[in-house]
Amino acid sequence: MPKQQEQTLSLLKRVFRRMTDYESSVEFNNNVDYIKKYVTDQDFINKYLGGSKDIVDKTGVLMKNEYVAVVPLNDDNSYMVVIDYLPYVAKSDLYQEDKLTTMSKTYTVNAIGDKITKVEVNDAIPTN
């Protein structure tokens, strides 16, 4: 595998893990700022991250990332990203993880090097 593709795979894993792994609104906001450094798709940012700075405070929903997989597609610089994450409200909810619903979401992404240029979001589905 070419070195640039390895770097892109690593970046995609880091970015999408941070999208679904935060224990507070401060951590979520820091993650959004981090993600914006690498995602140049303004439609995605505006729709999914732009207005969400206070979303954690409004909803109280936190997330724990369970899994991130990145699969190169046949097209150059295209990838499928699959994430599993666990939404929860209080840290104590994680003591009963088996009673919570893990969600899965897939993204089709165009990326090269350290820039993610296009993100298509697919529906989240419960997996347990």
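Predicted model, so just to flag it, every value in this text is computed and none were measured.
Remark: the backbone N or O of N30 is not paired with any side-chain donor or acceptor of D33 at under 3.5 angstrom. In this structure, the side chain of K47 does not engage the main chain of Q42 through any donor-acceptor pair within 3.5 Å. The main-chain N or O of T106 is found under 3.5 Å from a side-chain atom of N122 such that the two form a donor-acceptor pair. Checked by atom type and distance alone, the side chain of T20 never pairs as donor or acceptor with a backbone atom of N65 at under 3.5 Å. A donor-acceptor contact shorter than 3.5 Å is absent between the side chain of D21 and the backbone of R17. Under a 3.5 Å cut-off, the side chain of N110 and the backbone N or O of K118 do not form any donor-acceptor pair. Proximity of a side-chain donor or acceptor of T108 to a complementary backbone N or O of M80 within less than 3.5 Å is not detected. Judged by distance alone, the side chain of S10 and the main-chain N or O of E6 form no donor-acceptor pair under 3.5 Å.
Residues V89 and Y85 are members of separate hydrophobic clusters, defined by side-chain heavy-atom contacts under 4.5 angstrom among Ile, Leu, Val, Met, Phe, Trp and Tyr. Under the 4.5 Å side-chain heavy-atom criterion for Ile, Leu, Val, Met, Phe, Trp and Tyr, L73 and V70 are members of distinct hydrophobic clusters. Residue Y34 is not grouped with residue V26 when hydrophobic side chains (ILVMFWY) are merged at heavy-atom distances under 4.5 angstrom, including chains of intermediate members.
Summarising the geometry, atom CG belonging to N77 is positioned 7.5 Å from atom OG1 belonging to T117; distances are rounded to the nearest 0.5 Å. Considering CG of D41 and CD of E120, their distance stands at 9.0 Å, rounded to 0.5 Å.
Side-chain contact check for V82 versus V71: every heavy-atom pair is 4.5 Å or farther apart. The shortest side-chain heavy-atom distance between L49 and V39 does not fall under the 4.5 Å cut-off. Side-chain contact between L100 and Q96 is absent, with no heavy atoms from C-beta onward closer than 4.5 Å. Looking at L86 and L94, their side chains come closer than 4.5 Å, going by heavy atoms from C-beta outward. Looking at L9 and Y79, their side chains come closer than 4.5 Å, going by heavy atoms from C-beta outward. Within the 4.5 Å cutoff, no side-chain heavy atoms of Q7 are placed close to those of D114. Contact annotation: the side chain of I83 never approaches that of M19 to less than 4.5 Å [non-hydrogen atoms, C-beta and beyond].
Between G113 and Q4, the shortest heavy-atom distance links the atoms N-NE2, 3.4 Å. Listed here is the closest heavy atom pair of I112 and T8: C-OG1, 3.8 Å. The heavy-atom pair separating V109 from F16 by the smallest distance is CG2-CZ, 3.8 Å. Between M63 and P87 the shortest heavy-atom distance is CG-CA, 4.3 Å.
Ion pairing of K64 with E66 is present here, as a side-chain N (NZ or NE/NH1/NH2) and a carboxylate O approach within less than 4.0 Å.
The 12-atom threshold is not exceeded at OH of Y67, counting heavy atoms of other residues, nucleotides or ligands nearer than 6.0 Å.
For the 3.5 Å distance criterion, the side chains of S25 and D57 qualify, holding a donor opposite an acceptor.
Relative ring orientation between Y107 and F44 is described as perpendicular, the plane-to-plane angle rising above 60° on a 0-90° scale split at 30° and 60°.
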